[in-house]
There are 2 protein chains.
Amino acid sequence: MKGGEIINSLKEKILNTSIELFYKKGFEATGVREISKKAKVSPSMINYHFGSKKGILKEIMELFFSYMEEYLNKEHVEEKKFEERIRMAIKSLVIALRKNEKMFKIIMTQIPDDDIDLIEYRTEKMKKIILGKIFLDEFKGFNSNVKYEIIGPALSGMIFSHFLLKDIATQISGKIFDDEFYEIYPDYIADIYLYGALKKLKE
Amino acid sequence: MKGGEIINSLKEKILNTSIELFYKKGFEATGVREISKKAKVSPSMINYHFGSKKGILKEIMELFFSYMEEYLNKEHVEEKKFEERIRMAIKSLVIALRKNEKMFKIIMTQIPDDDIDLIEYRTEKMKKIILGKIFLDEFKGFNSNVKYEIIGPALSGMIFSHFLLKDIATQISGKIFDDEFYEIYPDYIADIYLYGALKKLKE
DNA sequence: GTCTATAGTCCGATAGAC
DNA sequence: GTCTATCGGACTATAGAC
């Protein structure tokens with residue numbers, strides 16, 4: 001499971017099936033019987049391998065965040081200038097989220113808000129990714145009265161909402177998001193964010 | 001219920017309690033017993049007034065969309081120029097969503113994806129709000145090769161994600177979104193969208 | 001219109017055999 | 001490590017009295 005080892009194939013089957021079902025139907029709407037039936041294992045295997053249904057959620061979070069940290073650490077953006085750093089940060093974030101979009105949606109929308117452990121774990125990890133690694137560091141060179149609690153979330157909002165609202169966007173517009181789309185998407189977002197829609201529209 | 005009439009106080013109690021619970025815990029995680037207990041009515045009143053638990057969801061959608069349509073129809077932006085129209089559209093959308101942020105989050109994240117009727121109803125109404133009323137009309141004056149399926153969602157993404165991820169944003173940043181915040185928020189979003197973050201940072 | 005009582009189903013978790 | 005069988009409780013919806 002960790003780092004691509006192939007151990008415990010049954011556990012992986014449960015995990016992958018759970019990701020599909022939690023993504024499509026939601027955590028609460030998915031029963032352990034449904035997971036075990038679709039994964040072709042016994043229901044008791046869920047409790048044996050994960051302790052409880054919530055235990056699956058915990059492992060999904062660990063898998064997602066360990067992937068994200070590893071992926072985003074690979075990038076060396078320190079030596080680039082501001083525009084280029086923002087552009088690269090957007091590109092790598094889009095790639096990383098696209099590879100894990102089901103887990104991302106589950107983690108952002110399906111964690112029960114009364115499970116303090118899971119909520120705190122998510123908060124800590126998201127803080128590391130959003131504040132530490134990607135956005136706030138980039139703004140340190142600037143000394144203005146800009147509200148960072150708007151300008152940062154404005155960027156992450158453009159990206160996050162795409163992955164969270166993908167299905168609804170497809171229902172509304174009919175647009176399907178394929179490889180061709182994701183090739184131009186990060187640069188478009190970067191352009192709008194850095195230079196605005198007006199420049200984009202008039203060019 | 002419609003247009004502020006005060007009829008059927010028990011039905012309203014159930015509806016308001018449901019909005020609170022669906023927002024906080026999610027639709028599936030909330031039981032009819034819990035709603036009825038908190039609203040201090042009998043569980044059978046839910047089926048009497050709404051037919052089923054899903055019936056509450058349907059009424060929440062109708063309430064939200066009738067409010068949004070009424071509110072957004074009040075604005076007369078046709079005579080303004082592009083920048084001003086975008087700015088006003090953002091402001092009225094933010095005000096309308098803030099007034100109904102709980103219903104909005106429920107509608108965007110809690111509709112069961114296998115309930116075709118509810119999904120289609122949401123799609124039709126969202127299309128009317130997003131495509132027809134607010135964004136796409138604004139771009140008709142431009143003849144460029146700009147991808148509207150990016151530039152439109154980029155704007156709605158900045159706004160929608162704020163309301164969908166508010167709680168997580170507060171957990172991460174500690175920031176609380178008060179009246180003061182919402183006074184500057186729409187213009188900030190408009191500035192970033194129209195002219196970009198770089199201009200904002202350097203001014 | 002509102003209640004109590006309950007029917008009928010499904011839930012997550014576990015005991016115990018292999 | 002994997003299975004079958006089952007416990008105890010919670011679920012939504014409804015019947016029927018008032």
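Only this structure's heavy atoms are used, side chains among them; waters, hydrogens and symmetry mates stay out. A note on names: the letters A, B, ... follow the listed sequences, proteins ahead of strands, and every chain is numbered from 1.
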* Check step by step if side chain to side chain contact (heavy atoms under 4.5 Å, CB included) holds for B/Lys166 and B/Lys105. => CA-CA 10 Å; B/Lys166 224 176 172 182; B/Lys105 191 181 171 192; over 6 Å; no
* Asked: Taking it one step at a time, do B/Lys58 and B/Glu62 satisfy salt bridge (charged side-chain N to carboxylate O under 4.0 Å, His left out)?
  -> CA-CA 6 Å; B/Lys58 183 76 194 298; B/Glu62 281 164 4; 3.4 Å; yes
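Going from atom CZ of A/Arg33 over to atom P of C/dT9 covers 14 Å, rounded to whole Å. For A/Glu34 and C/dC10, the CD to P distance is 12 Å, given to the nearest whole Å. Between A/Ile46 atom CD1 and C/dT14 atom C1' the separation is 13 Å, expressed in whole Å. In this structure, A/Leu21 atom CG and C/dC11 atom P are separated by 12 Å, rounded to whole Å.
Listed nucleotides C/dC3, D/dA13, D/dC3 differ in distance to B/Lys53; the shortest reach to its side chain belongs to D/dA13. Of the candidate nucleotides C/dC3, D/dC3, C/dA13, C/dA13 has the atom nearest to the side chain of A/Ser52. Side-chain proximity of B/His49 to the nucleotides C/dT2, D/dC3, C/dG12 is greatest for C/dT2.
Remark: aromatic rings of A/Phe160 and B/His162 are distant, center separation not under 6.0 Å.
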Find every protein N or O atom lying less than 3.5 Å from an N or O atom of nucleotides 14-18 of chain D, and list the pairs.
none

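At the heavy-atom level, B/Ser36 lies nowhere under 4.0 Å from the strands shown.
Judged by a 6.0 Å distance limit and a 45° cone about the ring axis, A/Lys200 is positioned over the six-membered ring of A/Tyr188. A/Lys199 forms a cation-pi arrangement with A/Tyr195, by the criterion of a distance under 6.0 Å to the ring centre and an angle within 45° of the ring axis. Stacking of A/Lys175 on the aromatic ring of A/Phe181 is not recorded, the 6.0 Å distance cut-off and the 45° axial limit not both being met.
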